[in-house]
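Reading through the structure tokens given below for one structure.
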Amino acid sequence: MSIHINAKPGDIAETILLPGDPLRAQHIAETFLQDAKCYNQVRGMLGFTGTYKGKRISVQGTGMGVPSISIYVNELLREYGAKQLIRVGTCGGMREDVKVRDVIIAMTATTDSSANQLLFPGFSFAPAAEFDLLRRAHQACLDRGMSVKVGNILTADTFYRESMEPVKKLADYGVLAVEMESSALYTLAARHHAKALSVLTVSDHLFSGETDTTAEERQTTFNDMIVVALEAAILGE
Ligand SMILES: O=P(O)(O)O[C@H]1O[C@H](CO)[C@@H](O)[C@H]1O
Ligand SMILES: O=c1cc[nH]c(=O)[nH]1
């Protein structure tokens with residue numbers, strides 16, 4: 001049992017999917033896992049363990065932003081022996097060629113979070129995905145004919161902005177999309193020699209104003225991304 005996760009040693013699988021929204025954790029467990037059992041309800045940040053194609057998988061909500069995901073990922077790595085962590089989340093498109101419902105695989109995560117500046121004074125650490133996981137997730141997207149892009153994303157500390165200039169500039173430098181957790185996930189996984197990847201679905205676009213049209217469409221696209229994450233995870237075990 002850790003401070004924010006009320007599970008016993010062994011309750012959590014070595015491979016864990018990490019959506020920001022705890023209700024999406026419940027949706028994933030109910031839709032994709034067999035014999036899923038809830039191991040955490042502390043702060044409503046639900047966590048479940050079950051099996052997918054016979055392999056043990058957990059799914060844990062992380063909340064929004066670097067401080068929140070850092071709490072859960074630290075505890076999963078330090079107290080529960082997590083080996084493979086895959087974030088499954090939403091993001092806002094930034095580059096012009098990124099469209100709503102595309103899947104984005106984050107090769108690296110640029111960030112305005114101060115966490116890594118405090119950790120590596122004088123350096124600009126480049127948080128990076130684990131290559132084999134990334135390669136398998138990309139192949140799983142191609143196999144399903146999904147529209148996928150791989151590259152640099154932005155992990156931002158703010159959702160609402162006074163000025164769009166800084167994000168516009170990052171888009172000019174090729175940054176695909178913005179979300180709020182991946183740089184912390186990649187940095188913590190590196191520290192603990194674990195594998196990490198973020199697979200994201202574009203839910204809106206910062207500059208075109210495009211958004212998901214219906215809740216049903218959002219769910220379908222989200223489900224496609226979950227299958228990609230699960231397939232990438234089990235092929236690596
Ligand atoms: O859909 P999730 O995983 O929560 O991810 C994105 O959505 C939240 C903002 O609405 C942030 O957590 C961002 O990273
Ligand atoms: O962090 C996020 C997630 C989705 N859309 C955004 O604009 N930002």
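Residue numbers start at 1 and run along the sequence shown. All ligand and atom numbering here is 1-based and tracks the order in the structure.
- Among all non-hydrogen protein atoms, the one lying nearest atom 7 (O) of ligand 1 is Thr90 OG1, 3.3 Å.
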I'd like the atom pairs linking ligand 2 to the protein - N or O on both sides, separation under 3.5 Å - with distances to 0.1 Å.
residue  : atom  : partner : partner atom : Å
ligand 2 : 5 (N) : Gly92   : N            : 3.3
ligand 2 : 5 (N) : Asp204  : OD1          : 2.8
ligand 2 : 5 (N) : Asp204  : OD2          : 3.4
ligand 2 : 7 (O) : Asp204  : OD2          : 3.1

Checking side-chain contact (heavy atoms from CB on, under 4.5 Å) for the pair Gln84/Ile16: CA distance, chi angles, key distance, verdict?
CA-CA 6 Å; Gln84 196 165 233; Ile16 308 161; over 6 Å; no

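- Side chain to side chain, Glu181 and Thr155 fail the donor-acceptor criterion of an N or O pair below 3.5 Å.
- Near Arg24, meaning under 4.0 Å from one of its heavy atoms, ligand 1 places the atoms 1 (O).
- Regarding atom 3 (O) of ligand 1, its nearest protein heavy-atom neighbour is Arg87 NH1, 2.8 Å.
- Scanning the protein for heavy atoms near atom 12 (O) of ligand 1, the closest one is Glu181 OE2, 2.6 Å.
- Those atoms of ligand 1 that come under 4.0 Å of a heavy atom in Glu179, given as number and element, are 14 (O).
- The protein heavy-atom contact nearest to atom 4 (O) of ligand 1 is Gly20 CA, 3.5 Å.
- Remark: minimum distance from atom 10 (O) of ligand 1 to any protein heavy atom is reached at Phe159 CE1, 3.6 Å.
- Remark: Phe159 engages no residue in a ring pair (Phe, Tyr, Trp, His ring centres under 6.0 Å) (not counting sequence neighbours).
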Do Tyr52 and Glu231 pass the side chain to side chain donor-acceptor pair (under 3.5 Å) test, and can you show the C-alpha distance, the side-chain angles, and the key distance before you say yes or no?
CA-CA 9 Å; Tyr52 176 77; Glu231 291 294 327; 2.6 Å; yes

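- Counting non-hydrogen atoms of other residues, nucleotides and ligands closer than 6.0 Å to CE of Met164 gives a total above 12.
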Apply side chain to side chain donor-acceptor pair (under 3.5 Å) to residues Thr187 and Asn116 and explain how you reach the verdict.
CA-CA 8 Å; Thr187 303; Asn116 283 2; 2.9 Å; yes

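- Between Met180 and ligand 1, an N or O atom pair is found at a separation short of 3.5 Å.
- For the pair Asp102 and Lys99, the salt-bridge criterion is not met [side-chain N within less than 4.0 Å of a carboxylate O].
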Give the intermediate values and the outcome of side chain to side chain donor-acceptor pair (under 3.5 Å) for residues Tyr80 and Glu14.
CA-CA 8 Å; Tyr80 296 101; Glu14 290 186 349; over 6 Å; no

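- With hydrogens and angles left out, the side-chain atoms of Glu79 and Ser2 include no donor and acceptor closer than 3.5 Å.
- The Met64 neighbourhood of ligand 1 comprises atoms 8 (C), 9 (C), 11 (C), 12 (O), with distances under 4.0 Å to a heavy atom of that residue.
- Shown here is Ile3, whose CD1 atom has no more than 12 heavy atoms of other residues, nucleotides or ligands within 6.0 Å.
- When only interatomic distances are considered, the shortest N/O to N/O separation between Pro19 and ligand 1 does not fall below 3.5 Å.
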Checking side chain to side chain donor-acceptor pair (under 3.5 Å) for the pair Asp21/His27: CA distance, chi angles, key distance, verdict?
CA-CA 10 Å; Asp21 180 351; His27 167 76; over 6 Å; no

